Each structure stands twice: as structure tokens, then as C-alpha cells.
Amino acid sequence: MADVSRSFPSPSSKLSYVNPSPTSPWGTYLAQVDRVVPYIGDLARWAETLRRPKRSLIVDVPIELDNGEIAHFEGYRVQHNLSRGPGKGGVRYHPDVTLEEVMALSAWMTVKNAAVNLPYGGAKGGIRVDPTKLSRKELERVTRRYTSEIGIIIGPHQDIPAPDVNTNAQIMAWMMDTYSMNVGATATGVVTGKPINLGGSLGRVRATGHGVFVTGREAMRRLKMPIEEARIAIQGYGNVGAPAAELFAAAGAKIVAVQDHGGTIYNSLGLDVHALGAHVQQFGTVAGFTGGEAISLEDFWDVKMDVVIPAALEGQITESRANRLSAKLVLEAANGPTVPAADDILASRGVTVLPDVICNSGGVIVSYFEWVQDFSSFFWSEDEINQRLDRIITGALAHIWETAEQHKISLRTGAFVVACGRILTARAERGLYP
Ligand code: NAD
């Protein structure tokens with residue numbers, strides 16, 4: 001008999017996506033995994049599972065445009081790891097979304113859900129589309145076709161999408177309706193971040209920003225940084241950035257600079273966040289706001305500040321920006337905003353980075369509450385939601401902080417130690433099938 005064992009791949013056989021650029025989202029995630037492996041003991045045996053998304057689906061999304069032409073968009077849903085429960089993670093609409101980016105975002109969801117101990121695995125989705133170029137009807141058609149295409153792997157017990165960049169409660173309503181039509185029953189638990197009327201949860205819209213504020217306030221308390229008068233710069237003024245700005249301003253901090261896709265506004269005395277919010281509501285960007293002066297995109301990073309909150313996209317804190325930042329604390333409201341080399345520079349400069357997997361976990365925590373409420377058809381008050389959110393997120397932060405101090409590692413690696421310990425323990429206990 002032929003010796004077939006030699007034709008099998010080695011245990012760490014190369015994947016097609018193992019050599020990403022170190023500053024790409026997937027490259028950033030892989031470097032973060034490498035850093036945690038020395039701290040997870042015998043579980044390191046299972047670490048390769050973290051580097052391999054369990055399931056990646058690429059779908060074609062054809063729609064008829066309002067002018068009668070046919071347009072095709074590429075869509076993705078990646079379930080990175082389902083060891084601890086169904087997949088959970090948002091859907092992003094952006095012209096630059098790639099499969100590799102969605103892989104990284106889904107992996108960070110695995111880590112985030114485990115870091116705060118939610119009974120979920122990690123997943124993420126996206127469509128390569130600029131939603132600002134579509135009419136409302138076209139956006140609905142894209143959403144419904146995409147939902148049908150990924151319908152073979154999502155479901156209330158399988159994988160539960162939610163909003164992310166450029167998606168919102170209306171898009172979740174169309175997703176829920178499409179899935180429900182296809183299965184022949186109203187399945188509110190298939191997505192979270194829905195309108196309140198359709199089984200959405202109170203507090204969900206502002207939950208991520210709320211969590212950024214609560215974890216940021218706790219980090220500032222631990223670092224003995226007074227919140228009153230703290231100068232804060234925020235990149236991204238959307239679902240996450242705007243509520244965080246309002247909460248920090250209400251606590252006495254000065255929001256000295258904000259940046260979005262349209263421009264950057266600076267005011268050393270602090271911006272009026274309510275007037276700014278009204279401006280963004282009307283014009284869709286912070287650009288043109290007269291309560292401060294317009295500065296260049298790159299000057300944002302040179303503003304004198306105590307805290308910076310990246311709340312837009314990945315890879316924003318580069319090596320060069322990390323060297324120049326005057327902030328002593330980075331609150332990662334966005335997913336993956338700091339590249340690994342910048343992480344090292346910030347650590348060597350004594351800058352504390354509160355990692356995304358805890359800092360922006362408020363959104364998925366309240367999504368979890370929404371999912372639980374949908375199953376029981378019993379809804380909680382906003383006070384109950386916020387109290388439970390605060391309890392879970394501050395408890396998780398304390399655990400991560402203590403783990404980081406115990407091993408003398410960064411908060412990011414501390415969060416990965418806590419999370420990967422849970423993920424890989426579940427993997428080991430379940431064993432391999434068959
Ligand atoms: P959003 O679409 O509501 O807002 C995104 C903001 O980023 C907008 O102000 C936009 O103008 C700005 N932006 C886009 N490109 C930019 C660029 N090149 N430079 C500067 N600003 C730019 O999205 P969101 O839901 O607020 O998500 C923001 C980040 O937070 C993302 O990384 C997302 O993954 C993460 N996040 C969101 C949630 C949530 O509940 N929405 C939860 C956890 C993490």
C-alpha cells in the first residue's frame with residue numbers, strides 16, 4: 001500500500017491568505033494572534049484555529065438599477081469561529097470592502113465576543129458598494145438580494161448580522177424581512193440593531209458610543225487622568241463617534257478636534273457637540289461646521305490632546321502618526337485602527353491603548369440583549385439595558401486590566417489572553433469532528 005501520509009499537508013500547511021501586508025487588517029490580526037500565543041500555555045496547541053476562518057462565503061449581488069441597467073456587487077459573509085456559539089457581527093457597505101478585510105473583522109468579533117464573555121462566535125459581512133450612489137429602492141434591492149444569498153448560512157441560531165459602517169436599523173429591517181419571507185416565519189432574532197418596532201432593543205443605537213465612554217472613563221480613572229477638561233480628538237462622527245463625543249462632553253471633557261470623510265474641524269476651546277450633531281444631521285459631514293476652524297487631514301494627528309478616539313476605519317494609527325501623537329490614551333472605538341508597529345511605538349512612549357475588542361464592545365453586548373429579548377418576547381427598559389451593559393463591560397475591562405498587569409503585557413494582548421483562553425478551551429472541550 002502506498003504511504004499516503006507523505007502526501008498530506010503538514011500541520012501548518014500554507015494558506016492562500018497567510019502573507020498579507022503587515023499593515024492590512026488581516027496582517028494586523030495575525031500579528032496580534034502571534035503575540036498572545038506565548039501566554040496561553042497548553043492551549044497554544046489549538047492556536048492555528050484562530051488563523052483560519054471557519055467559513056467564508058463570497059456572493060454575487062445583481063440588481064436592476066432605477067434606470068433599467070443591471071449592476072453587480074460583490075458580497076461576503078465570513079464566520080471566523082463558532083466554537084462558543086452562533087456567529088455574530090455586523091455588515092459593512094463600503095466601496096473598498098474586501099474578503100480579507102471581512103476576515104479580519106470577523107476574527108476581531110470572535111475575540112471581542114469572548115473577551116466580554118458573550119455566548120457567540122465571530123462573524124462579519126460586507127458588500128463592495130458605495131451606498132451614497134444608490135437610491136433608497138436600489139439600496140433595498142441590494143440588501144434583500146445579499147440577505148437571500150447569505151441566507152444559507154445565517155439564522156437566529158447560526159449567525160446573526162448587525163449594523164456596521166454605512167448600515168443602519170432600516171437595512172436590518174429589510175434583512176429581517178427578507179430572511180423571514182424565505183423561511184416562512186417572522187424571525188426577529190436573525191439580525192440585531194433593528195427598529196424598536198420590529199423587536200429592536202432600547203439603547204442599541206448609542207450602545208457602542210456609550211461603551212466607549214464607560215470604558216474610557218474607567219481607563220482614565222485607573223490612569224488618574226481627570227475627565228473634566230481632558231482634550232479629546234475624535235476621528236469618525238457616525239453611529240459610534242458622535243454619541244461618544246456627546247457623553248464625554250457632558251462629563252466635562254473638551255472635544256477639540258473631529259474628523260470625518262469630509263474634513264477636519266478644530267477648536268482649542270472645545271466644540272459645541274450639539275450644534276455639531278445638528279450640522280452633521282443636515283449635511284452628512286462635519287465639514288463646513290462654523291464652530292471651529294477647518295484644518296488638514298494630517299494636522300488632526302498633531303493637535304494637542306490627552307485622548308484620541310479613532311472611530312472610523314482600520315489602519316489609521318500608523319507608525320508616523322504614533323510617533324507624533326500627544327495623546328496619553330487611545331480609545332479604539334473603531335475596529336483595528338492601530339497597526340502592530342504603531343502599537344509598539346505607543347507602548348514605548350507610555351501611551352495606553354484601550355483595545356477595540358473591549359472599548360467598542362458595547363454594541364455587541366446590547367445586540368446580545370436584543371437577541372435574548374427577541375427569543376423571550378419580553379423587553380427591558382433602557383435603564384435596565386444600560387445598567388446591565390455597564391456591569392458587563394466594566395467587569396470585562398477589570399479582568400483584562402488585571403490580566404495585562406499580571407503578565408506585564410499590553411491591554412490588547414491581555415484582552416487576547418482572556419478571549420483566546422475561552423475560545424480555545426471551548427475548541428479543546430468540543431474536540432475535532434469527526
Ligand atoms: P458610520 O458609518 O456610522 O460612521 C463612520 C464615520 O467614519 C463617519 O463619520 C465617516 O465620515 C467617517 N469616515 C469614513 N471614512 C473616513 C476617513 N477616510 N477618514 C476619516 N473619517 C472617515 O460607522 P460606525 O458604525 O460609527 O462605525 C465606525 C467604526 O466603529 C468602524 O470601525 C466599525 O467597525 C466600528 N464599530 C461599530 C459598531 C456599531 O455598533 N456601529 C460597533 C463596534 C465597532
Side-chain angles (χ1 to χ4, degrees), residues 25 28 88-97 101-102 104-109 111-113 115-116 118 122 124-126 130-132 161-172 191-194 200-201 203-212 215 233-245 257-265 276-277 279-281 283-287 289 295-301 308-318 321 331-338 355-370 389 393:
T28 298
K88 185 92 194 76
V91 175
R92 175 174 295 195
Y93 288 2
H94 197 282
D96 301 331
V97 169
E101 180 184 22
V102 176
L105 291 166
S106 70
W108 283 320
M109 288 310 301
V111 177
K112 187 184 308 179
N113 291 332
V116 293
L118 301 181
K124 201 86 178 193
D130 182 350
T132 62
D164 191 68
V165 173
N166 290 328
T167 56
N168 56 25
Q170 177 59 70
I171 288 172
M172 295 305 115
V191 289
T192 57
K194 299 179 294 292
S201 177
R204 173 61 185 91
V205 173
R206 295 173 67 83
T208 308
H210 181 99
V212 171
T215 54
I234 306 187
Q235 186 202 40
Y237 214 73
N239 292 325
V240 180
V258 292
Q259 176 175 89
D260 72 3
H261 67 281
T264 310
I265 302 291
L276 179 62
H279 176 91
V280 172
Q281 195 81 21
F283 299 102
T285 169
V286 300
F289 181 61
I295 59 172
S296 79
L297 188 144
E298 211 44 47
D299 283 352
F300 171 85
W301 303 98
V308 64
I309 307 183
L313 299 171
E314 304 90 49
Q316 295 299 302
I317 304 189
T318 56
R321 290 170 179 172
L331 300 180
E332 289 192 337
N335 286 305
T338 312
D356 46 8
V357 292
I358 177 71
C359 184
N360 70 29
S361 64
V364 74
I365 293 172
V366 176
S367 274
Y368 166 59
F369 297 160
E370 180 174 332
L389 166 59
I393 209 166

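Whatever order the structure lists them in is the order used to number ligands and atoms, beginning at 1. In this text the structure is predicted, and so the values were computed from the model without any measurement.
- For Thr167 (side chain) and Val91 (main-chain N/O), a donor-acceptor pair under 3.5 Å exists by modelled atom type.
- Within ligand 1, the atoms closer than 4.0 Å to a non-hydrogen atom of Tyr237 are 6 (C), 8 (C), 9 (O), numbered from 1 in the order shown.
- Protein heavy atom in closest approach to atom 33 (C) of ligand 1: Asp164 OD1, 3.2 Å.
- Taking every heavy atom of both residues into account, Lys112 and Val357 meet most closely at CG-O, 3.1 Å.
- Considering only heavy atoms from C-beta on, Cys359 comes within 4.5 Å of Val212 through its side chain.
- Counting heavy atoms under 4.0 Å from ligand 1, residue Ala311 touches it through the backbone alone.
- Within the 4.0 Å heavy-atom criterion, the part of Thr208 lying near ligand 1 is the side chain and not the backbone.
- Here the protein heavy atom with the shortest distance to atom 3 (O) of ligand 1 is Asn239 N, 2.9 Å.
- Those atoms of ligand 1 with a heavy atom of Leu313 less than 4.0 angstrom away are 15 (N).
- Using modelled atom types, one finds a donor on one side chain and an acceptor on the other under 3.5 Å when comparing Ser367 with Arg204.
- Looking from atom 27 (O) of ligand 1 to the surrounding protein, the closest heavy atom is Val165 CG2, 3.7 Å.
- Of the possible donor and acceptor atoms, one in the side chain of His279 sits under 3.5 Å from a partner among the backbone N and O of Ala287.
- In this structure, Glu370 contributes its side chain and Gly193 its backbone to a donor-acceptor pair below 3.5 Å.
- The protein heavy atom nearest to atom 19 (N) of ligand 1 is Gln235 NE2, 3.9 Å.
- Not a single heavy atom of Gln316 sits less than 4.0 Å from an atom of ligand 1.
- At a 3.5 angstrom cut-off on N or O pairs, Glu314 does not count as close to ligand 1.
- Counting the atoms of ligand 1 from 1 in the order shown, those under 4.0 Å from a heavy atom of Arg204 are 40 (O).
- Looking only at protein heavy atoms, the nearest one to atom 22 (C) of ligand 1 is His261 N, 3.5 Å.
- For ligand 1, the atoms sitting less than 4.0 Å from at least one non-hydrogen atom of Asn166 are 2 (O), numbered in the order shown with element in parentheses.
- For Ala312, a nitrogen or oxygen atom sits less than 3.5 Å from a nitrogen or oxygen atom of ligand 1, counting backbone and side chain alike.
- Close approach of ligand 1 to Gly236 is summarised as follows: ligand atoms under 4.0 Å from at least one heavy atom of the residue are 6 (C), 7 (O), 9 (O), 12 (C).
- Annotation for ligand 1: atoms under 4.0 Å from non-hydrogen atoms of Asn335 are 32 (O), 33 (C), 34 (O), 35 (C), 36 (N), 44 (C).
- Side-chain contact between Asn239 and Thr208 is absent, with no heavy-atom pair separated by less than 4.5 Å.
- Using a 4.5 Å cut-off on side-chain heavy atoms (C-beta onward), Val364 and Lys88 make contact.
- Checking only distances, Asn360 never comes within under 3.5 Å of ligand 1, N or O to N or O.
- In this structure, the side chain of Glu332 engages the main chain of Asp356 through a donor-acceptor pair within 3.5 Å.
- Below 4.0 Å from some heavy atom of Gly238 lie the following atoms of ligand 1, by number and element: 3 (O), 4 (O), 9 (O), 26 (O).
- Side-chain N/O atoms of Asp260 and Thr285 include a donor and acceptor closer than 3.5 Å.
- Residue Val258 is tested with Val280, Ile265, Ile309 for a side chain to side chain contact (heavy atoms under 4.5 Å, CB included); the sole match is Ile265.
- In terms of polar-atom proximity, defined here as any N/O pair under 3.5 Å, Lys112 makes no such contact with ligand 1.
- For atom 24 (P) of ligand 1, the candidate residues are Val240, Val364, Ile365, Val258; the nearest heavy-atom contact is made by Val240.
- Considering all non-hydrogen atoms of both residues, Gln235 and Phe300 come closest at N-CZ, 3.6 Å.
- Shortest non-hydrogen contact noted between Pro243 and Gly238 is CD-O, 3.5 Å.
- Every atom of ligand 1 is numbered from 1 in the order shown, and the set under 4.0 Å from a heavy atom of Ala333 is 30 (O), 35 (C), 44 (C).
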